[in-house]
Amino acid sequence: QVQLVESGGGLVQTGDSLRLSCAASGRMFSTYTVGWFRQAPGKERDFVAALKWSSDSTYYSDSVKGRFTISRDNAKNTVYLQMNSLKPEDTAVYYCAAGGDYSGSYYIPKEYAYNYWGQGTQVTVSS
């Protein structure tokens, strides 16, 4: 079992930066893929970024590539999402997720590939 707790959300202005954290307890991330998803009001939850712990490979959606960076701290069993140049369309609840049952990059953006989810943290970007 893995328990995930996100933090770091807030209200910022266009062009600002935020760093989200996803701390895991109960089991180490070492065999997992850890992903960030987001859900805007009235929309489906979308993939944002992911990191494969074993290989340190990273993946990004086209909408955030070049602006967001996913990284990890092994000692803290924590994954971060550094978000720069934020836009109003980045406004959403951001969820951290972890999964380990699927291999292959095809599954990276698929929600069903993730077994554990955090409670979400709100990010609001004002124009």
Side-chain angles (χ1 to χ4, degrees):
Q1 280 281 16
V2 178
Q3 292 80 43
L4 304 175
V5 178
E6 302 101 331
S7 61
L11 171 63
V12 296
Q13 295 185 333
T14 298
D16 285 351
S17 298
L18 273 177
R19 189 179 77 161
L20 305 183
S21 299
C22 173
S25 61
R27 187 172 174 178
M28 302 298 287
F29 271 144
S30 61
T31 61
Y32 287 94
T33 296
V34 182
W36 286 96
F37 290 75
R38 66 185 181 186
Q39 187 168 23
K43 295 188 176 181
E44 294 185 350
R45 189 155 57 185
D46 292 329
F47 170 76
V48 176
L51 180 147
K52 270 194 173 181
W53 204 269
S54 59
S55 65
D56 210 24
S57 299
T58 57
Y59 307 84
Y60 298 94
S61 68
D62 288 342
S63 61
V64 307
K65 200 172 294 182
R67 299 188 298 124
F68 291 11
T69 302
I70 189 170
S71 62
R72 68 185 190 185
D73 184 323
N74 292 355
K76 295 182 178 179
N77 210 33
T78 297
V79 171
Y80 303 100
L81 185 67
Q82 177 68 43
M83 305 186 296
N84 298 329
S85 303
L86 283 162
K87 306 174 181 179
E89 51 263 43
D90 294 318
T91 295
V93 177
Y94 283 71
Y95 297 91
C96 174
D101 294 337
Y102 294 86
S103 61
S105 58
Y106 170 82
Y107 297 102
I108 295 294
K110 307 296 185 182
E111 286 191 52
Y112 61 76
Y114 297 84
N115 308 98
Y116 306 103
W117 292 81
Q119 82 288 351
T121 185
Q122 176 71 47
V123 172
T124 303
V125 185
S126 65
S127 58

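Values below: every heavy atom of this structure, side chains too, minus hydrogens, waters and symmetry copies. Since the structure is predicted, the reported quantities are computational estimates derived from the model, not experimental observations.
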Next on the checklist: To check you understand the geometry: which heavy-atom pair defines the closest contact between F47 and S61, and what is its length?
Outcome noted: O-CB, 3.5 Å
Item to check | Counterpart residues, side-chain hydrogen bond (donor to acceptor under 3.5 Å, both in side chains), relative to K65 (two or more places apart) | outcome: D62
Item to check | Beyond-backbone contact of S17 with R67, side-chain heavy atoms, under 4.5 angstrom | outcome: no
Checklist outcome for this item: The single option from L11, V123, N84, T124 that satisfies side chain to side chain contact (heavy atoms under 4.5 Å, CB included) with L18 is V123
Item to check | Heavy atoms from other residues, nucleotides or ligands near CD of Q3 exceed 12 (cutoff 6.0 Å) | outcome: yes
Item to check | Where at least one partner belongs to residues 76-127, residue pairs that pass disulfide (SG to SG under 2.5 Å), sequence neighbours excluded | outcome: C22-C96
Item to check | Contact check, side chains of T121 and L20, non-hydrogen atoms, under 4.5 Å | outcome: yes
Checklist outcome for this item: Sequence neighbours excluded, the answer for side-chain hydrogen bond (donor to acceptor under 3.5 Å, both in side chains) partners of Y95 is none
Checklist entry - Can you tell me if T91 and E89 form a side-chain donor-acceptor pair at under 3.5 Å? => result no
Next on the checklist: Going by salt bridge (charged side-chain N to carboxylate O under 4.0 Å, His left out), name the residues that satisfy it together with E111, two or more places apart in sequence or in a different chain.
Outcome noted: R45
Item to check | T78: partners by side-chain contact (heavy atoms from CB on, under 4.5 Å), with sequence neighbours left out | outcome: S21, A23, K76, Y80
Checklist outcome for this item: Shortest non-hydrogen pair, A50 vs I108, comes out as CB-CG2, 3.5 Å
Checklist entry - Does some side-chain heavy atom of R72 sit less than 4.5 Å from a side-chain heavy atom of D56? => result yes
Next on the checklist: According to a hydrophobic-cluster definition based on side-chain heavy atoms being under 4.5 Å apart (Ile, Leu, Val, Met, Phe, Trp, Tyr only), do W36 and L4 belong together?
Outcome noted: yes
Checklist entry - Within a strict 4.5 Å, meaning less than it, do heavy atoms of the R38 and D90 side chains meet? => result yes
Checklist entry - Does F68 share a hydrophobic cluster with Y59, counting links as ILVMFWY side-chain heavy atoms below 4.5 Å and allowing steps through other members? => result no
Checklist entry - Members other than V5 in its cluster, when Ile, Leu, Val, Met, Phe, Trp, Tyr link by side-chain heavy atoms under 4.5 Å? => result none
Next on the checklist: Just verifying a value: how many Å separate Q13 CD and S127 OG, rounded to the nearest 0.5 Å?
Outcome noted: 9.5 Å
Checklist entry - S126 versus V12: any side-chain heavy-atom pair under 4.5 Å? => result no
Item to check | 4.5 Å side-chain heavy-atom contact, Y94 and Q39 | outcome: no
Checklist entry - What pairs with R19 under salt bridge (charged side-chain N to carboxylate O under 4.0 Å, His left out), at least two apart in sequence or on another chain? => result none
Item to check | side-chain contact (heavy atoms from CB on, under 4.5 Å) partners for T69, two or more places apart | outcome: Y60, Q82
Item to check | L81 side chain reached by V79 side chain, heavy atoms, under 4.5 Å | outcome: no
Item to check | Y112, OH atom: more than 12 neighbouring heavy atoms under 6.0 Å | outcome: yes
Item to check | Test item: Q119 side-chain N/O and E6 main-chain N/O as donor-acceptor pair under 3.5 Å | outcome: yes
Checklist outcome for this item: Residue pairs meeting disulfide (SG to SG under 2.5 Å), one or both in residues 97-127, sequence neighbours left out, come to none
Checklist entry - Relative to the ring of Y116, is the ring of Y32 parallel (under 30°), tilted (30 to 60°) or perpendicular (over 60°)? => result perpendicular
Item to check | Results of side-chain contact (heavy atoms from CB on, under 4.5 Å) for E44 - residues two or more places apart only | outcome: none
Next on the checklist: Could you tell me if the side chain of L51 sits less than 4.5 Å from the side chain of T33, heavy atoms only?
Outcome noted: no
Next on the checklist: For S55, give me all partners under side-chain hydrogen bond (donor to acceptor under 3.5 Å, both in side chains), at least two apart in sequence or on another chain.
Outcome noted: S57
Item to check | Partner set under side-chain hydrogen bond (donor to acceptor under 3.5 Å, both in side chains) for D16, not counting sequence neighbours | outcome: none
Checklist entry - Are the aromatic ring centres of Y114 and F37 under 6.0 angstrom apart? => result yes
